[in-house]
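Everything numeric in this text was worked out from a predicted model, so none of it was measured. Hydrogens, waters and symmetry mates play no part in the numbers below; they use all other heavy atoms, side chains included.
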Amino acid sequence: MNGNRLLYFVKQRWAYISLVFIIIFYLFNGIQYMASQSITSDEGSFYDYAQRYLSGNPERIDPINDNSKMPVMVLNTLPRVVQQVLNPQLKKHDGGISDIMSGRFITLSISVLIILLVFSWARQLYGNRAGVFAALLISLCPNSLANAALVTTDSYSVLFLFATMYFLWRYFNEGGVKYFLLFSVCMALSQLVKQSLFHLYILVPLILIICYFINRPAIKWKSALKYLLIFLFINWLIINAGYYFYSTNQQLGKYHFMSDLFQGIQKLFPSWLLIPLPRPFVNGLDMAKYYDQLGGGFDNKSSFGKVTILGHSSTGGSFWYYYFISIMYKTPISYLIFFGWSAFILVRTTTFKDFMHGEFFLTIPVLYFLLVLSFFYKTQCGLRHIIFIYPFLFIFSSRLILFATSTLSKISIISLFIFLVLSVFTYWKNYYPYTNEFIHDKKMAYAIVGSANLDFLQGNYFYQHYLDKHREVHWVSEKPQAGVFLINVEDYMDVWNRHKYDWITHIKPFGQVAYSGLLIKVNKADFPN
């Protein structure tokens with residue numbers, strides 16, 4: 001009898017049981033990964049800002065380093081806060097390394113919410129099997145996992161963009177105050193997470209306008225105005241509270257903007273105008289715009305290195321195809337096939353009305369951010385800046401499970417999934433520099449996807465381990481000499497235009513270490529004149 005009850009329970013709850021096992025493996029995989037990554041180029045400044053924020057100072061005191069730092073990072077200080085409460089005399093002398101390593105657990109843990117939301121949305125659209133399939137896809141995504149175990153805002157941005165669109169979709173289809181409030185809160189919280197999510201204030205009205213012209217609903221203006229005021233109040237309250245109401249209601253004329261855009265806006269309005277938002281929030285948007293306006297690669301001036309892709313580089317510029325190429329070569333091939341297969345099924349089987357109530361909310365954020373970040377932004381620092389499109393694509397892909405009824409289609413999905421697992425776990429514990437099988441010669445991956453897609457200074461532990469085992473190999477120095485040297489991709493491509501290693505960068509690598517380090521053999525005849 002007990003055995004029958006257990007079997008019945010498993011049959012009824014198999015999707016949730018599967019989800020539990022997916023999350024357990026995801027956390028195990030993430031813990032293995034994050035322990036293998038050295039402190040990346042951004043984590044130190046993110047954690048420094050979080051510490052200042054925790055002490056009550058959300059001001060951006062160093063524009064180059066602080067322009068992209070956000071209040072959400074205070075969550076990553078929780079392990080150290082708990083340690084300090086338990087041991088008030090605790091002092092550390094490791095430069096913050098242990099605190100950052102502990103803080104990574106917070107990002108990883110919170111990223112589980114992304115899996116839960118992906119499962120929930122896919123399940124509501126296409127059923128349990130699709131929900132489990134979508135959860136599997138997001139849990140294995142090397143680009144998502146690479147950032148879900150770091151002390152940066154990238155994984156948080158995935159969660160809050162996705163949550164905002166999810167609750168907007170629920171409100172659009174079901175109505176109700178609950179979903180409207182959840183949508184409003186998530187949209188406000190997204191402004192404490194990443195500045196690129198300010199685009200939600202453009203994207204959401206765009207979605208509503210499109211839906212209006214297609215559906216032509218009767219508008220109750222009194223009710224619409226009430227909801228708009230509630231939305232504005234929630235956003236005003238959360239953004240201000242998130243910055244401690246720091247210098248809220250400062251006069252416009254007292255701001256010292258850096259970007260052309262904000263300086264232009266400042267000239268349009270009277271200087272006595274009160275800005276009902278905290279100064280660090282406004283300054284953050286201005287600084288982010290300024291450093292995007294400036295572009296990358298200006299040493300001690302830019303906030304990111306020069307843009308490199310397909311063997312080309314640009315100091316202060318960008319390439320419209322940067323993210324398209326990055327997605328093509330850094331997305332597992334199985335995913336690309338799933339995306340295309342699902343799009344084919346969608347075109348053949350879905351009515352326009354059904355599309356507007358379902359897949360429209362999955363495709364519009366992907367198209368919007370791809371176009372905006374590709375054609376109107378210079379900040380091209382790797383695929384991590386656009387990884388928030390993946391959850392939408394995974395739910396979209398889960399649609400094909402509904403149509404996998406033939407033996408051939410089932411075999412194809414299983415084969416693609418096995419190929420996916422093999423491809424991803426080739427990079428076990430080292431997912432950041434992942435590239436797919438379109439690049440078969442990994443030592444030359446830098447010539448295709450560029451520096452920022454491979455090197456976030458995360459590979460130092462791997463480099464040290466290699467150097468310890470291969471005593472004949474030396475870390476590159478600024479002084480020309482013969483021998484075999486290891487150099488990271490960032491220095492090899494000289495993304496900061498420092499020219500420290502010009503004597504070696506004209507020599508092609510003969511091997512790679514951890515996919516982000518290059519091995520170069522130098523003979524005396526190779527020295528530049």
Side-chain angles (χ1 to χ4, degrees), residues 26-114 144-160 189 192-195 242-244 246 280 284 303-304 381 384 429-432 455-465 488 490 514 516:
Y26 172 80
L27 290 173
F28 170 77
N29 190 16
I31 291 170
Q32 297 298 311
Y33 164 74
M34 70 184 186
S36 304
Q37 307 302 294
S38 55
I39 304 302
T40 62
S41 56
D42 275 3
E43 286 182 290
S45 55
F46 272 111
Y47 200 86
D48 286 345
Y49 180 80
Q51 287 179 307
R52 277 187 274 124
Y53 178 91
L54 189 63
S55 68
N57 180 17
E59 193 66 278
R60 302 177 188 278
I61 60 177
D62 180 359
I64 291 180
N65 290 314
D66 289 349
N67 72 90
S68 62
K69 309 310 179 280
M70 303 297 281
V72 71
M73 298 311 303
V74 75
L75 295 175
N76 293 92
T77 66
L78 285 175
R80 177 57 190 271
V81 170
V82 172
Q83 291 174 13
Q84 205 68 46
V85 169
L86 295 176
N87 181 9
Q89 305 304 318
L90 177 64
K91 292 184 179 180
K92 295 185 178 182
H93 305 283
D94 61 356
I97 292 177
S98 62
D99 290 336
I100 292 173
M101 297 299 281
S102 298
R104 288 175 173 180
F105 281 95
I106 302 298
T107 316
L108 180 64
S109 300
I110 291 177
S111 70
V112 170
L113 296 176
I114 302 171
S144 295
L145 188 61
N147 294 280
L150 299 178
V151 180
T152 64
T153 57
D154 297 312
S155 190
Y156 292 114
S157 71
V158 177
L159 173 62
F160 282 95
L189 289 173
L192 307 179
V193 170
K194 200 171 183 71
Q195 280 134 345
Y243 283 94
Y244 307 131
Y246 192 97
S303 64
F304 58 96
C381 307
R384 63 192 179 91
K429 298 184 180 182
N430 189 26
Y431 300 116
Y432 189 88
D455 193 3
F456 201 20
L457 304 187
Q458 81 288 346
N460 291 333
Y461 295 160
F462 294 105
Y463 303 155
Q464 190 57 55
H465 178 71
N488 62 34
E490 179 176 299
S516 57

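Applying the side chain to side chain donor-acceptor pair (under 3.5 Å) test to Asn488 and every residue at least two apart in sequence or in another chain returns nothing.
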Do Arg80 and Leu90 pass the side chain to side chain contact (heavy atoms under 4.5 Å, CB included) test, and can you show the C-alpha distance, the side-chain angles, and the key distance before you say yes or no? CA-CA 10 Å; Arg80 177 57 190 271; Leu90 177 64; 3.9 Å; yes
Before you tell me yes or no, could you show the steps for Asn76 and Phe46 under side chain to side chain contact (heavy atoms under 4.5 Å, CB included), namely the whole-Å CA-CA distance, both residues' side-chain angles and the distance that decides it to 0.1 Å? CA-CA 9 Å; Asn76 293 92; Phe46 272 111; over 6 Å; no
Going through the checks in order, is the side chain to side chain contact (heavy atoms under 4.5 Å, CB included) test met by Lys69 and Arg52? CA-CA 11 Å; Lys69 309 310 179 280; Arg52 277 187 274 124; over 6 Å; no
Start with the C-alpha gap between Thr153 and Met73, add the side-chain angles, then the distance that decides, and say whether side chain to side chain contact (heavy atoms under 4.5 Å, CB included) holds. CA-CA 7 Å; Thr153 57; Met73 298 311 303; 3.4 Å; yes
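Between Ile100 and Ile39, the closest heavy-atom pair is CG2-CD1, 3.6 Å. For the residue pair Ser98 and Asp94, the shortest heavy atom distance occurs at OG-OD2, 2.7 Å. Gly459 and Ser38 make their closest contact through N-OG, 3.6 Å (heavy atoms, listed as atom of the first residue, atom of the second, distance). Of all non-hydrogen atoms in Tyr156 and Ile110, the two that sit nearest each other are CE2-CD1, 3.7 Å. Nearest heavy-atom pair across Tyr33 and Ala146 is OH-O, 2.8 Å. For Pro280 against Pro58, the heavy-atom pair with the smallest separation is CB-O, 3.3 Å.
Side-chain contact check for Leu192 versus Leu189: some heavy-atom pair is nearer than 4.5 Å. Taking 4.5 Å as the limit, some side-chain heavy atom of Met70 sits within range of a side-chain heavy atom of Gln195. Contact of the Phe456 side chain with the Leu150 side chain is registered, since non-hydrogen atoms from C-beta on lie closer than 4.5 Å. Looking only at side-chain heavy atoms (C-beta outward), Ser111 and Asn147 stay at 4.5 Å or farther from each other. In this structure, Phe105 and Ile31 have side chains that are in contact, with non-hydrogen atoms separated by less than 4.5 Å. Two residues are said to be in side-chain contact when any heavy atoms from C-beta on lie closer than 4.5 Å; Gln83 and Ser102 meet this criterion. The shortest distance between side-chain heavy atoms of Tyr246 and Asn57 falls below 4.5 Å.
To the nearest 0.5 Å, atoms CD1 (Ile97) and NZ (Lys92) are separated by 11.0 Å. Here the NZ-OG distance, from Lys194 to Ser157, works out to 5.0 Å after rounding to the nearest 0.5 Å. Separating the OG atom in Ser36 from the CZ atom in Phe462 is a distance of 4.5 Å, to the nearest 0.5 Å. Separating the CZ atom in Arg60 from the OG atom in Ser68 is a distance of 8.0 Å, to the nearest 0.5 Å. Annotation: the span from Asn65 atom CG to Tyr49 atom OH amounts to 13.0 Å, rounded to 0.5 Å. Considering CD of Gln37 and CG of Asn430, their distance stands at 5.5 Å, rounded to 0.5 Å.
Judged purely by distance below 3.5 Å, without hydrogens or angles, the side chains of Ser516 and Tyr463 pair a donor atom with an acceptor atom. Inspection of the Thr77 and Asp99 side chains reveals no N or O donor paired with an N or O acceptor under 3.5 Å.
Salt-bridge annotation for Asp42 and Arg384: present, with a side-chain N of the basic residue lying under 4.0 Å from a carboxylate O of the acidic one.
Taking the six-membered ring where tryptophan is involved, the planes of Tyr53 and Tyr243 are perpendicular, since the angle between them exceeds 60° and thus also 30°.
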